Colleague: 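Can you read through this structure? Questions will come right after.
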Amino acid sequence: MKKQLVAVALGGALVIGGGAYAYNSYAAESETPAQIPVETKAEAIDASTVQAPTETPEETGVDIKGLINISDVPAEDIHIPNLAQGASLRIATLEKHSLKPLNTTALKGEDGLVIRQSYRGSDGTEIMVTQAESQMDEQATIDYVKKTYHMEKVELTKINNHTVAYVDGQERRVVHLITKGHFYTVSSFNSTLDELMEIAKKIQE
């Protein structure tokens, strides 16, 4: 099952730098926040000290083109905040669920670098944070997100002066943060939208 999830998550073309990835990760499982203030930049995942098991081509047993070890990614290219217990980052979501990393996966191909970090809390909460390089402009990305989630309502807001497209569905909550250079996704089946927004606030370039 793990191999199948890895293949689904990272095997396809990332049409908008993460949009297809985010959709495929959750489509297989199931079919208005106020203006959010700017936060100070959070500590990003440190590739040299990350505690998460790191998926490599050898460990997954799946031949996925472009799969690399996270330790090979320069620290300045990793913008995902480190939510692991013990990191300097302190947010309510971390405190509430005692999030611990499950794994970190990095993929580098013709669509650029994609990093996926998944966490599980002591209460069973699971959250995934993804960073990908943008392949479309902002409006095209928004249009694609709305088309992708055609069975659910997509709302828009702002975080740190960047557009956010989010879904607060019954089966899943998904927050897409759109910046000039990247497309970020914070998603969960059993966390709240407010908690995902709280994490997204910590993503800065």
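Note that this is a predicted model, so its numbers are computed, not measured.
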Colleague: Partners of T192 by side chain to side chain contact (heavy atoms under 4.5 Å, CB included), sequence neighbours excluded?
Modeller: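 T192 satisfies side chain to side chain contact (heavy atoms under 4.5 Å, CB included) with D194, E195 only.
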
Colleague: Tell me every residue that passes side chain to side chain donor-acceptor pair (under 3.5 Å) with E110, counting only those two or more places apart in sequence or in another chain.
Modeller: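 E110 satisfies side chain to side chain donor-acceptor pair (under 3.5 Å) with no residue once adjacent residues are dropped.
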
Colleague: Contact between I68 and V73 at the side-chain level, heavy atoms closer than 4.5 Å - yes or no?
Modeller: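 They are in contact (side-chain heavy atoms under 4.5 Å apart), so the answer is yes.
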
Colleague: Can you tell me how far the CD1 atom of I178 sits from the NZ atom of K158, to the nearest 0.5 Å?
Modeller: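 NZ of K158 is found 9.0 Å from CD1 of I178.
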
Colleague: Sequence neighbours excluded, which residues qualify as side chain to side chain donor-acceptor pair (under 3.5 Å) partners of K153?
Modeller: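 Per chain and number, K153 pairs via side chain to side chain donor-acceptor pair (under 3.5 Å) with E155.
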
Colleague: Rounded to the nearest 0.5 Å, what separation is found between the CZ atom of F183 and the OG1 atom of T130?
Modeller: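 Here the interatomic distance stands at 9.5 Å.
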
Colleague: Quick one: are H182 and E133 in side-chain contact, heavy atoms under 4.5 Å?
Modeller: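 H182 vs E133: side chains touch.
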
Colleague: Can you tell if the side chain of Q117 reaches within under 4.5 Å of the side chain of P101, non-hydrogen atoms only?
Modeller: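 A side-chain contact exists here, since the closest heavy-atom pair is under 4.5 Å.
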
Colleague: So which atom in V175 and which in A200 form the shortest heavy-atom distance, rounded to 0.1 Å?
Modeller: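 Looking at all heavy atoms of both residues, the closest pair is CG1-CB, 4.0 Å.
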
Colleague: Tell me, do I159 and Y166 make a side-chain contact under 4.5 Å, heavy atoms counted?
Modeller: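 I159 does not reach Y166 side chain to side chain.
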
Colleague: Indicate the atoms forming the closest heavy-atom contact of V114 with A132, along with that distance.
Modeller: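 Scanning both residues completely, I find the closest heavy atoms to be CG2-CB, 4.0 Å.
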
Colleague: List for me each residue that meets side chain to side chain contact (heavy atoms under 4.5 Å, CB included) alongside N190, sequence neighbours excluded, and say none if there are none.
Modeller: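 Once residues adjacent in sequence are excluded, the partners of N190 under the side chain to side chain contact (heavy atoms under 4.5 Å, CB included) criterion are T125, E126, S188.
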
Colleague: Could you check whether any side-chain heavy atom of I78 comes within less than 4.5 Å of a side-chain heavy atom of I70, counting everything from C-beta outward?
Modeller: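 A side-chain contact exists here, since the closest heavy-atom pair is under 4.5 Å.
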
Colleague: What's the spacing between L102 CG and M128 CE if we round to 0.5 Å?
Modeller: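 One finds 9.0 Å between CG of L102 and CE of M128.
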
Colleague: Which atom pair, heavy atoms only, marks the closest approach of T163 to E138?
Modeller: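 Distance-wise, the nearest heavy atoms are OG1-OE2, 3.0 Å.
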
Colleague: May I ask you to test the I203-T179 pair for a side-chain heavy-atom distance under 4.5 Å?
Modeller: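 No, side chains not in contact.
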
Colleague: Identify the heavy atoms of I127 and S191 that sit nearest to each other, and give their distance.
Modeller: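 Closest heavy-atom pair between I127 and S191: CD1-OG, 3.9 Å.
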
Colleague: What's the verdict on ring pair (Phe, Tyr, Trp, His ring centres under 6.0 Å) for H176 and Y144, showing C-alpha distance, side-chain angles and the deciding distance?
Modeller: CA-CA 12 Å; H176 296 295; Y144 185 84; 9.7 Å; no

Colleague: With sequence neighbours left out, write down each residue that passes side chain to side chain contact (heavy atoms under 4.5 Å, CB included) with K147, or none if nothing qualifies.
Modeller: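 Counting only residues at least two positions away or on another chain, K147 forms no side chain to side chain contact (heavy atoms under 4.5 Å, CB included).
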
Colleague: So which heavy atom on A165 is nearest to which on V154, and how close?
Modeller: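 Between these two residues, the closest heavy atoms are CB-CG1, 4.0 Å.
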
Colleague: When rounded to the nearest 0.5 angstrom, what is the spacing between NE2 in H79 and CG in L113?
Modeller: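 Between H79 NE2 and L113 CG, I get 8.5 Å after rounding to 0.5 Å.
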
Colleague: Side chains of E152 and V174: closer than 4.5 Å at any heavy-atom pair?
Modeller: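 The answer is no, as the side chains (C-beta and beyond) never meet within the 4.5 Å cut-off.
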
Colleague: Going by heavy atoms in the side chains, are M197 and V164 under 4.5 Å from each other?
Modeller: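 Yes; the side chains approach each other to less than 4.5 Å.
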
Colleague: Output the distance between atom CE (M136) and atom CD1 (I142), rounded to the nearest 0.5 Å.
Modeller: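 The CE atom of M136 sits 12.0 Å away from the CD1 atom of I142.
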
Colleague: Can you measure from CD1 (I115) to OG1 (T104) and round to the nearest 0.5 angstrom?
Modeller: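 It is 8.5 Å, given to the nearest 0.5 Å.
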
Colleague: Counting only N and O atoms by type, is there a donor-acceptor contact under 3.5 Å from the side chain of R173 to the main-chain atoms of F189?
Modeller: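 Yes.
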
Colleague: Return the set of residues passing side chain to side chain donor-acceptor pair (under 3.5 Å) with D137 (not counting sequence neighbours), or none when no residue passes.
Modeller: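 Testing D137 for side chain to side chain donor-acceptor pair (under 3.5 Å), a comparison that skips the adjacent residues, returns none.
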
Colleague: Is a donor on one side and an acceptor on the other found under 3.5 Å between the side chain of Q135 and the backbone of G112?
Modeller: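 No.
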
